[in-house]
Engineer: 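Pasting in a structure now, in structure tokens, and then I'll have a few things to ask.
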There are 2 protein chains.
Amino acid sequence: MEESPGRTVRMRDVARAAQVSTMTVSRALNTPERVSPEVRQRVAEAVQAVGYVPNRLAGSLSSRRSNMVGLVLPSIENSLFAATVKGVSDVLRRAGHHLMIAESGYGPEAEEAAIRGFLEQRVAGLILHDTLHTEEAVRLIRRAGVPVVENGTLTPTPLDMVVSYSNREAARAMTRHLARLGYRRIALVTLPAAANQRSRDRQAGYRAALAELRRAVDPALMLEMPPGLASGAEALLRLMDRPRRPDAVFFAGDVLAVGAVLECQRRGWSVPGDVAIAAFDNIDLLAHLNPPVTTLRLPRHEIGVRSAEMLLERLSGRQTGPAAVDLRFEIIQRAST
Amino acid sequence: MEESPGRTVRMRDVARAAQVSTMTVSRALNTPERVSPEVRQRVAEAVQAVGYVPNRLAGSLSSRRSNMVGLVLPSIENSLFAATVKGVSDVLRRAGHHLMIAESGYGPEAEEAAIRGFLEQRVAGLILHDTLHTEEAVRLIRRAGVPVVENGTLTPTPLDMVVSYSNREAARAMTRHLARLGYRRIALVTLPAAANQRSRDRQAGYRAALAELRRAVDPALMLEMPPGLASGAEALLRLMDRPRRPDAVFFAGDVLAVGAVLECQRRGWSVPGDVAIAAFDNIDLLAHLNPPVTTLRLPRHEIGVRSAEMLLERLSGRQTGPAAVDLRFEIIQRAST
DNA sequence: CTGTGGTTTGATATCGGTATCAACCAGACC
DNA sequence: GGTCTGGTTGATACCGATATCAAACCACAG
């Protein structure tokens, strides 16, 4: 008797059933402590009886508040971001907020379109993985006045808030770690740096480490490759083909290191005997490969959690200023180095 | 001069600047062909000048149409779903729609909560990966009257539309494939089947294949394991520890097969010499492992694409009836079997 | 010059809630 | 009793767009 589709149940229907005004229904649902227990009970029953599902569109329009957060990722398919999404999602759900996801495809114009779309939906806040934005995107965000968290790297010029680890420091630490282990010729493979601040930061960290060690940077040992397993294998082969081979390769991107280790298996090369291999991300696979691969433990999940928390805090009006959160990373030494 | 935050720009501001009514602005933006070219131009300029960003909340409320689609996945972290999400996302974006994502955590109650949340936001349609729903969830959907696509498996009793491959047929095909290759004792490892229709369908397919081959099902060769690399390794060890070892193991879930192959590498077991290994999903890693692993090519991306397309078609009012789309899978024979 | 039909535009009500402020009530206090 | 207080409740005006219907306008046929 309550299932026929077609008629949407409005708050006024609940109000009628509970013999109160819509305003009281609204209060009973949103601020129950401001309604007498008896009425609260009547409203709850009426909600059940008529099968009321609140219309957040109307609510948000009227209150000028929204419970949606927009997240823009470079790529939805890249599983590295999954942990961050999960962190964001968990925190938001607990707070009764909802998550919208869009993809920037590694391009600022696509990011701008995504941001515009979110602002049209009047999201309460934005989480952006990229730190490079079009001028128009920045203008849109500024004008909308929504809080924003950037995630990709610890940019010195954040729009608003940043939550990340330092790509530069992480790359620097791993490079120094490899040097400490005795490797003399350490190669670095990154994703194309042109449109990718993260890759640039990692390269900078690598250079800084070598400089501190008073070693020259050999351009022949720095390579940029597209993402992917095959790509990692190819990078390794190219480097090993050089007149003066590296004795260690630091794959600072994606699953490149996995591809390289698998290629070593195929060639029968010993890791780390013939060449040591280090990775940048703690995907579980790295721990199970043969040999297990030295890598960095990055706070992917925590980035999501903290980003969402900071947004929520800002929305609740408690915190005001911009903020930068520098999360810790950690080196996991395994048999591959 | 147009950047000060605080004042939100409304359609009436555009109207004033363009010297027309809000209704004409609305038309110029949504149905430009119904506005004279000259006015259309004036409105476009006014939009630029005042920096107008439409409020979709108001628009959707008024028109009773929405451009948001809700997607509920068992797990956001599981990278298997990424391809589907990508497919959905691409199609929606092109159509000017937006994607909201929530997680059911493999539980119908969590799914119900997610669905309720989406309906409160008045999504235009839903895409659900699970096919098991609470009664209340079904009621909510029915009453809301939104189109729904289910994805997980080809359920015989869909809520509305289904887009999937047949888990049963896929498992059956792979089992027969292994038999054809000459394997006599074929083991099956799945995820826990209790709350997972997909696992049950795969088990059913395996049983059906054996029945057709007039072989008995040996319960000692059927195992249920939680997801994960370590889990796959352990499953393999358990099976190989049995008095009568399997000569082939079909890992019908997640990354179990990867864990198993890596364990074989560690033990120095030859694949497929000591034991053949087959997987269920075409993650690229499987092609690069040593040996490369026989598996199924599943239409993950296409499921997303078709799901979104069917929703959009329904929303545009063209199609009316329920529908089931059975997408093709394919066996990829590699060196591991 | 009038009538007809098609196109372009605007006035107004409405979508389903919330903000705001006023009304009401019981008890405390003078 | 009168006044004040705090706690509940409701009337009403929005929030920012779109649906609907009517008016204005235009060209052209009769």
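If you're wondering where the values come from, they're calculated on a predicted model, not measured in any experiment. The analysis underlying the following values was restricted to heavy atoms, covering all of them including side chains, and did not include hydrogens, waters or symmetry mates. The chains referred to below are lettered A, B, ... by the order of the sequence lines, with proteins before strands, and numbering in each begins at 1.
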Engineer: To the nearest Å, give me how far apart CG (B:Asn55) and P (D:dT18) are.
Structural biologist: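 The answer, rounded to whole Å, is 10 Å.
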Engineer: State whether the distance check finds a donor on one side and an acceptor on the other, under 3.5 Å, for side chain B:Arg56 versus base D:dG16.
Structural biologist: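 Checked by distance alone, the answer is no.
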Engineer: For the side chain of A:Ser63, starting at C-beta, report the closest nucleotide among D:dA19, C:dT9, C:dT18.
Structural biologist: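 When the side chain of A:Ser63 is considered, C:dT18 is the closest of D:dA19, C:dT9, C:dT18.
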Engineer: Taking OP1 and OP2 of C:dT18, is either one under 4.0 Å from a side-chain nitrogen or oxygen of A:Asn30?
Structural biologist: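 Looking at the OP1 and OP2 atoms of C:dT18, one of them is under 4.0 Å from a side-chain N or O of A:Asn30.
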Engineer: Rounded to the nearest angstrom, tell me the gap between atom CG in A:Leu61 and atom P in C:dT18.
Structural biologist: 11 Å
Engineer: Does a side-chain N-to-carboxylate-O contact under 4.0 Å join A:Glu45 and A:Arg42?
Structural biologist: no
Engineer: Kindly say if B:Ser62 contacts the phosphate of D:dA19, meaning a side-chain N or O under 4.0 Å from OP1 or OP2.
Structural biologist: no
Engineer: Taking only side-chain nitrogens and oxygens of B:Ser36, does any of them come within less than 4.0 Å of OP1 or OP2 of C:dT9?
Structural biologist: yes
Engineer: Roughly, in whole Å, what's the span from CZ in B:Arg34 to P in D:dC21?
Structural biologist: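 For the pair B:Arg34 CZ and D:dC21 P, the rounded distance is 13 Å.
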Engineer: Kindly say whether, by distance alone, the side chain of A:Arg122 makes a donor-acceptor pair under 3.5 Å with the base of D:dG16?
Structural biologist: no
Engineer: Could you check B:Met23 against B:Leu57 and say which one's nearest nucleotide on DNA chain D is further toward the 5' end?
Structural biologist: B:Leu57
Engineer: Could you tell me whether A:Arg65 contacts a base, only the sugar-phosphate backbone, or nothing, with contacts defined as non-hydrogen atoms closer than 4.0 Å?
Structural biologist: sugar-phosphate
Engineer: Does CD belonging to B:Glu33 count more than 12 external heavy atoms closer than 6.0 Å?
Structural biologist: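 Yes, enclosed.
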Engineer: Grab the CZ-P distance between B:Arg10 and D:dT18 for me, whole Å please.
Structural biologist: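 After rounding, the gap between these two atoms is 15 Å.
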Engineer: Can you check the A:Gln19 CD to D:dT8 P distance for me, whole Å?
Structural biologist: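 These atoms are roughly 20 Å apart.
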Engineer: Taking only side-chain nitrogens and oxygens of A:Thr24, does any of them come within less than 4.0 Å of OP1 or OP2 of D:dT9?
Structural biologist: no
Engineer: When you check the phosphate oxygens OP1 and OP2 of D:dA11, does a side-chain N or O of A:Ser21 lie under 4.0 Å from one of them?
Structural biologist: no
